[in-house]
Amino acid sequence: MEERKDVLILAIESSCDETAAAVVKNGREVLSNVISSQIALHTLYGGVVPEIASRKHIEKINQVIEAALSDAQTALSDIDAIGVTYGPGLVGALLVGVAEAKAIAYAAKKALIGVHHIEGHIAANFIEHPDLEPPFLSLVVSGGHTHLVRVKDYGKFDIIGRTRDDAAGEAFDKVARAIGLGYPGGPKIDKVSGEGDPEAIFFPRAHVEDAPYDFSFSGVKSAVLNYINGCKMKGEEYSRADVAASFQKAVTDVLVANAMYAAEEYGADKFAIAGGVASNSALRRTMSSACAERGVKLYYPSPVYCTDNAAMIGVAAYYEYMAGVRHGWDLNAVPNLKLGERYE
Ligand code: KG4
Ligand code: ZN
């Protein structure tokens with residue numbers, strides 16, 4: 001029998017504030033994963049400044065790709081396809097990656113595959129879990145998204161729930177700023193929460209009427225702001241660690257409650273969490289015990305594959321490639337790209 005040839009994907013990610021490139025073999029094996037983070041730069045402004053992000057991407061992208069190829073000990077000629085995030089994200093940031101991917105694919109005569117960023121986040125779970133295969137349920141929690149997704153097959157998704165306002169990561173970032181922890185807030189809240197009491201202050205858990213899988217985080221965010229303003233007006237000190245821990249608990253309680261309701265309703269036996277907030281220790285802990293109670297197997301990526309990276313884009317691109325997806329030279333950045341079935 002003829003041995004199947006390995007498929008090597010060079011993947012590029014530039015949708016927000018990380019310039020990233022990776023080489024992925026057969027959709028599951030990461031040969032290299034290079035990330036140039038702009039976090040330090042944006043910290044000066046308390047959040048991502050889109051124009052600065054685009055400029056930094058254009059400065060870094062060639063070096064990052066060169067490093068990804070050399071770390072993987074792979075020549076461009078050995079690559080089968082170029083995978084690139086083309087949405088959702090910041091348009092100027094996405095355009096850098098898309099233009100770069102098109103230029104390389106055109107010059108080196110490679111297949112071009114546009115990837116949905118959220119599909120990439122979900123696919124990050126395939127890297128370290130060879131046993132994970134669809135169908136499964138996924139909770140995607142990042143700075144820009146909070147989605148409950150039914151992964152019906154590779155590249156086939158149904159969004160069953162979403163946030164009505166802020167994304168979970170966005171709420172973490174805003175609350176962190178309000179209590180003086182700075183950007184990016186998620187990891188900082190996670191850390192100081194370890195010293196606080198999650199039961200110290202009760203913050204509301206929002207349930208969206210008639211939409212049991214949807215989320216809303218603007219209420220809890222406002223409640224935290226009101227609480228700290230109230231303390232300031234009364235001239236009282238508040239415990240940053242208690243506020244952080246109580247807020248984190250309010251957010252993770254809702255995420256886990258909706259996720260478990262979906263797991264029960266859909267009879268899921270596998271659940272994967274994804275996105276930057278999936279590295280939150282309280283979320284991992286609470287999800288682990290909630291899944292264990294129900295006999296559901298929980299998957300999550302290592303922190304480096306939770307936050308933005310190109311390896312996850314390479315994994316998703318592989319499954320698109322195997323399904324025959326090829327994009328043309330008219331591929332463009334789509335800032336509000338929807339997650340669908342084999343989108344165009
Ligand atoms: O997936 P990601 O890198 O970018 C987007 O696609 O948005 O997610 C970044 C988000 C930020 O909001 C960051 O604060 C949050 O993930 N985050 C965390 C943690 N690590 C990153 N949130 C809570 N706990 C963490 N440990
Ligand atoms: Zn992301």
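Note that the structure is a prediction, hence the values are computed from the model and not measured. Counting convention: from 1, in listed order, for ligands and their atoms alike.
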Self-check item: For Gly144, the ligand 1 atoms whose distance to one of its heavy atoms is below 4.0 Å
Solution: 7 (O)

Self-check item: Centroid-centroid distance, Phe136 to Tyr299, less than 6.0 Å
Solution: no

Donor-acceptor contacts, no H, no angles, side chain residues 249-256, under 3.5 Å, sequence neighbours left out:
from: Lys249; atom 1: NZ; to: Asp253; atom 2: OD1; distance (Å): 3.1
from: Lys249; atom 1: NZ; to: Asp253; atom 2: OD2; distance (Å): 3.1
from: Thr252; atom 1: OG1; to: Gln248; atom 2: O; distance (Å): 2.8
from: Thr252; atom 1: OG1; to: Lys249; atom 2: O; distance (Å): 3.3
from: Asp253; atom 1: OD2; to: Arg205; atom 2: NE; distance (Å): 3.3
from: Asp253; atom 1: OD2; to: Arg205; atom 2: NH2; distance (Å): 2.8

Quiz item: Aromatic ring centroids of Tyr45 and Tyr183 under 6.0 Å?
Solution: no

Exercise. Would you check whether Gly169 has a nitrogen or oxygen atom less than 3.5 angstrom from a nitrogen or oxygen atom of ligand 1?
Key: yes

Exercise. Take the Zn ion (ligand 2) and tell me which protein N, O or S atoms are nearer than 2.8 Å.
Key: His117 NE2, His121 NE2, Asp308 OD1

Quiz item: For atom 13 (C) of ligand 1, what's the nearest protein heavy atom and its distance?
Solution: Asp173 OD1, 3.8 Å

Quiz item: Of the listed options (Gly276, Ser193, Pro184), which comes nearest to atom 21 (C) of ligand 1 when hydrogens are ignored and any heavy atom counts?
Solution: Gly276

Self-check item: Glu170 and Lys174 ion-paired at < 4.0 Å
Solution: yes

Practice problem: Report the residues that fulfil side-chain contact (heavy atoms from CB on, under 4.5 Å) with Ser222, sequence neighbours left out, ordered by chain and then residue number. | Solution: none

Quiz prompt | Between Asp165 and Ser218: side-chain donor-acceptor atoms closer than 3.5 Å | solution = yes

Exercise. Could you check atom 3 (O) of ligand 1 against the protein and tell me its nearest heavy-atom contact, residue, atom and distance included?
Key: Asp308 N, 3.0 Å

Quiz item: Should Gln248 be listed as contacting ligand 1, given a heavy-atom distance under 4.0 Å as the test?
Solution: no

Quiz item: Quick one: does Pro187 get a heavy atom under 4.0 Å from ligand 1?
Solution: yes

Quiz prompt | Where ligand 1 meets Thr307 - atom numbers and elements under 4.0 angstrom, heavy-atom basis | solution = 3 (O)

Practice problem: Describe, in one word, how the ring planes of Tyr213 and Tyr266 are oriented to each other, choosing from parallel (under 30°), tilted (30 to 60°) and perpendicular (over 60°). | Solution: tilted

Quiz item: Just which atoms of ligand 1 are under 4.0 Å from any heavy atom in Ser279?
Solution: 19 (C), 20 (N), 26 (N)

Quiz item: How about Gln38 and Ser36: does a side-chain donor come under 3.5 Å of a side-chain acceptor?
Solution: no

Exercise. Distance to 0.1 Å, residue and atom name: give those for the protein heavy atom nearest to atom 6 (O) of ligand 1.
Key: His117 NE2, 3.1 Å

Practice problem: Determine, using ring centers only, whether Tyr318 and Phe126 are less than 6.0 Å apart. | Solution: no

Quiz item: Considering only heavy atoms of Ser142, which atoms of ligand 1 have at least one such atom less than 4.0 Å away?
Solution: 1 (O), 5 (C), 6 (O), 7 (O), 8 (O)

Quiz item: Backbone, side chain, both or neither: what part of Asp190 comes under 4.0 angstrom of ligand 1, heavy atoms only?
Solution: side chain

Exercise. Return the option from Gly120, Pro303, Gly143 holding the heavy atom at the smallest distance from atom 8 (O) of ligand 1.
Key: Gly143

Quiz item: So, for His327 and Tyr86, is the gap between ring centers shorter than 6.0 Å?
Solution: yes

Quiz item: Got the closest protein heavy atom to atom 22 (N) of ligand 1, with its distance?
Solution: Gly186 CA, 3.2 Å

Enumerate donor-acceptor pairs with a distance under 3.5 Å from any side-chain N or O in residues 99-107 to protein atoms, sequence neighbours excluded.
from: Lys102; atom 1: NZ; to: Trp329; atom 2: O; distance (Å): 2.6
from: Lys102; atom 1: NZ; to: Leu331; atom 2: O; distance (Å): 2.7

Quiz item: Would His121 count as a contact of ligand 1 if the rule is a heavy atom under 4.0 Å away?
Solution: yes

